[in-house]
Structures are given as structure tokens and as C-alpha cells.
Amino acid sequence: MDPTKLLFIAVLALFLVGPEKLPDYAQRLARFVRAARRMLDDAKDRVREELGPDFDEEEWRKLDPRQYDPRRIIRDALLEPPEPRRSEPVDDAVDEPEPQPVAQPARKRPELATFDDEAT
């Protein structure tokens, strides 16, 4: 939020609440913000305790979905040069003969049931 929006909200609050009750509401808001911050810090501490020493805040930042911009991902994928196709085998393993298909015995087709035109 920019300062002009905050100033507008403050002036609006002054008119709605009045100058007599505004300090009381400001104190309540400050207490609420402090309590919310304390709860958030407690939650972070509990997560650190449960995850152990492997907890790293940088790892959490990597999982933040706000950092992924679909337009950037697509643009990077389109601008990335294609990987060259390999026509030869990747490893230098000994050439083994390709397996030959095993001949299957001819299957006998099942006889179809005869059509009974009198059946209902």
C-alpha cells in the first residue's frame, strides 16, 4: 500500500469513528497486530522444533507459489535452445544382438454361436 492510500484510510477512520474514540481503536489495532505477530512467531518456532535442524527458511522461499510467473516460465522454455538429438547410443556398452521375436502358435478362432431367429 502506498502512503496516499494509508492517509485516505486514516482520514476516513477519523470521520467514521470520531476524534474521541480514535485513540482507543488505534490501541486495539496495535494490540491485535502484536498478538498476530506473536502467534506467527510461535508457529514458526513450532515448525522449527518439529522439523529439526534441517529447517531452512530459504527452502520455504523456494516453495512460495508467488515466485512462479507462468509467462516467464513459458518464455524461458520457448527461448531455450532445443537439445540436440543423438543418433548413436549414449553409452559405449558392448553391442548386444537385438532379441528375436518368439513365434507364437496360431490361435484357433472360437466358433461363433449360431443365430436363433425364434429366440426372444
Side-chain angles (χ1 to χ4, degrees):
M1 293 179 72
D2 59 353
T4 57
K5 289 182 182 178
L6 289 174
L7 181 64
F8 177 74
I9 291 173
V11 170
L12 185 65
L14 182 64
F15 282 120
L16 290 177
V17 175
E20 298 87 25
K21 293 184 181 181
L22 188 63
D24 183 45
Y25 284 113
Q27 277 183 335
R28 289 183 186 182
L29 179 64
R31 274 186 270 162
F32 173 74
V33 169
R34 281 193 295 267
R37 185 176 290 157
R38 202 174 321 120
M39 287 190 319
L40 183 62
D41 290 339
D42 290 345
K44 281 184 181 180
D45 290 340
R46 278 187 283 163
V47 168
R48 282 189 187 113
E49 287 174 8
E50 290 180 15
L51 292 179
D54 295 337
F55 175 76
D56 186 15
E57 225 170 281
E58 188 64 35
E59 302 256 340
W60 286 101
R61 288 189 188 124
K62 289 179 185 176
L63 298 175
D64 186 9
R66 293 176 290 181
Q67 72 176 346
Y68 299 109
D69 180 19
R71 294 171 293 192
R72 182 178 54 90
I73 294 171
I74 292 173
R75 182 183 64 234
D76 291 346
L78 290 175
L79 294 177
E80 185 177 287
E83 294 181 12
R85 292 187 179 187
R86 296 183 181 190
S87 59
E88 55 191 52
V90 176
D91 58 350
D92 296 332
V94 177
D95 290 335
E96 296 179 14
E98 291 188 24
Q100 299 296 324
V102 178
Q104 298 285 334
R107 293 184 182 174
K108 184 178 177 183
R109 289 186 80 178
E111 292 184 24
L112 298 176
T114 57
F115 180 72
D116 186 7
D117 57 352
E118 293 179 9
T120 55

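The analysis underlying the following values was restricted to heavy atoms, covering all of them including side chains, and did not include hydrogens, waters or symmetry mates. Remember, it's a predicted structure, so these values are computed and weren't measured experimentally.
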R37 atom CZ, over 12 foreign heavy atoms within 6.0 Å
no
Considering all heavy atoms of both residues, which atom of V17 and which atom of L22 are nearest to each other, and what is their separation?
CG1-N, 3.7 Å
So which residues get pulled into L40's cluster when ILVMFWY side chains under 4.5 Å apart are joined, directly or through others?
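For L40, no cluster forms, as it stays isolated from other hydrophobic side chains.
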To the nearest 0.5 Å, tell me how far [X] [atom1] sits from [Y] [atom2].
| X | Y | atom1 | atom2 | result |
| --- | --- | --- | --- | --- |
| L7 | L12 | CG | CG | 11.0 Å |
| D42 | R38 | CG | CZ | 8.0 Å |
| L29 | R34 | CG | CZ | 9.5 Å |

Salt bridge (Lys or Arg N to Asp or Glu O under 4.0 Å) between D45 and R48, worked out:
CA-CA 5 Å; D45 290 340; R48 282 189 187 113; 3.5 Å; yes
Just jot down the salt bridge (Lys or Arg N to Asp or Glu O under 4.0 Å) partners of D24, sequence neighbours excluded, or say none.
R28
